[in-house]
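What follows is a set of notes on a single structure, which appears directly below.
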Amino acid sequence: MAAGLFITFEGIDGSGKSTQARMLADRLREAGHTVVLTREPGGSKGAEEIRALVLQGDPDRWSAETEILLFTAARRDHLEKTIQPALDAGKIVICDRFADSTRLYQGISRGDLRAVVDKLHALMIGREPDLTFIIDMDPAKGLARALSRQTADERFEGFGEDLQAKMRAGFLDLADEYPERCVVVDGDREVKAVADEVELIVNARAAAPAASA
Ligand code: ADP
Ligand code: TYD
């Protein structure tokens, strides 16, 4: 894996992304790999500051367009300071959410802004993951799991089940749109069963000859 490997986890809130990202990082480290575990929004000093701006406060604080700029600004800093240097050093980067979250949350939840998200991504980010796990989950169960955690990052958690259902469908559509890098994994199973499947898929990818980008 000399060229590094960029793995992301996506899915609705409460689907188990953070849990699975952490477990995969632990397992790959045990196998002797150097792993950088990171998350969005955040993952670098500047991006963590933007995280507080986008996730805390009044739900009407930002327009959808401003939000796209803020998430993309955070991602640009994260890519420059954390992700790209680690990949250049041949490390495995595991990121809890990335650009697919912006494609959905800012792209479809408040009007049809997907084209704007994609243009800004092409202009300012221009990097897709090598492998994306879409953790699929029943919206009601995901929401119950997410709400059982008490955090200050609550701007998006008033979304409710309808929007969670829309997001779930959107993530499954993204998997069809980017079949070369996306794998859908059933998140409604025991944590270990999900982690075992994820690990198998990563090991198969890592062993395969480098695919064309
Ligand atoms: P996400 O990052 O997708 O929002 P988390 O990994 O933070 O999800 O999980 C949300 C909550 O659900 C946490 O309390 C976590 O311990 C729990 N959880 C995660 N995966 C499972 C699972 N497969 N079965 C049951 N509970 C889970
Ligand atoms: P996160 O901390 O991953 O929350 P959770 O663990 O509940 O999934 O993300 C916080 C929220 O930020 C989440 O509701 C999705 C939202 N988000 C966006 O709206 N756009 C983005 O580009 C990203 C990365 C996250």
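Only this structure's heavy atoms are used, side chains among them; waters, hydrogens and symmetry mates stay out.
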**side chain to side chain contact (heavy atoms under 4.5 Å, CB included) partner of T72, chosen from E67, Q106, M124** =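 The option that passes is M124.
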**Request:** Please determine which of L131, T132, V36, D130 meets the side chain to side chain contact (heavy atoms under 4.5 Å, CB included) test together with F6.
**Result:**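 Among the candidates, only D130 passes.
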Partners meeting side-chain contact (heavy atoms from CB on, under 4.5 Å) with [X] (sequence neighbours left out):
| X | answer |
| --- | --- |
| T34 | K91 |
| A64 | R110, L113 |
| R145 | M137 |
| E49 | K45 |

**Request:** Walk me through it: do K166 and L163 pass the test side-chain contact (heavy atoms from CB on, under 4.5 Å)?
**Result:** CA-CA 5 Å; K166 192 170 170 185; L163 196 59; 4.0 Å; yes
Nearest-0.5 Å distance that lies between atom [atom1] in [X] and atom [atom2] in [Y]:
| X | Y | atom1 | atom2 | result |
| --- | --- | --- | --- | --- |
| E197 | I135 | CD | CD1 | 8.5 Å |
| D162 | S109 | CG | OG | 13.0 Å |
| L87 | R127 | CG | CZ | 5.5 Å |

Could you tell me which residues satisfy salt bridge (Lys or Arg N to Asp or Glu O under 4.0 Å) with [X], sequence neighbours excluded, listed by chain and number?
| X | answer |
| --- | --- |
| D96 | none |
| E10 | none |
| R114 | D118, E177 |
| R27 | D196, E199 |

**Request:** Just say parallel, tilted or perpendicular for the rings of F133 and F9, cut-offs at 30° and 60°.
**Result:**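 Rings of F133 and F9: parallel, as their planes differ by under 30°.
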**Request:** With sequence neighbours excluded, tell me which residues meet ring-ring contact (aromatic ring centres under 6.0 Å, His included) with F171.
**Result:**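 Testing F171 for ring-ring contact (aromatic ring centres under 6.0 Å, His included), a comparison that skips the adjacent residues, returns none.
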**Message:** Quick check against the 3.5 Å criterion: does R97 have a side-chain atom that pairs as donor or acceptor with the backbone of G11?
**Reply:**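 Yes; at least one donor-acceptor contact below 3.5 Å.
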**Prompt:** Under the ring pair (Phe, Tyr, Trp, His ring centres under 6.0 Å) rule, what pairs show up with a residue in residues 78-97, not counting sequence neighbours?
**Reply:**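 Passing the test, one end in residues 78-97: no pairs.
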**Request:** Would you please name every residue forming a side chain to side chain donor-acceptor pair (under 3.5 Å) with D188, sequence neighbours left out?
**Result:**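 Residues passing side chain to side chain donor-acceptor pair (under 3.5 Å) with D188: K141.
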**Message:** Going by the rule side chain to side chain donor-acceptor pair (under 3.5 Å), which residues pair with S44 if we only count those two or more places apart in sequence or in a different chain?
**Reply:**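 Listed in chain order: D77.
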**Request:** Looking only at non-hydrogen atoms, find the nearest pair between L174 and R103 and report the distance.
**Result:**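 What the structure gives for the nearest pair is CD2-CD, 4.1 Å.
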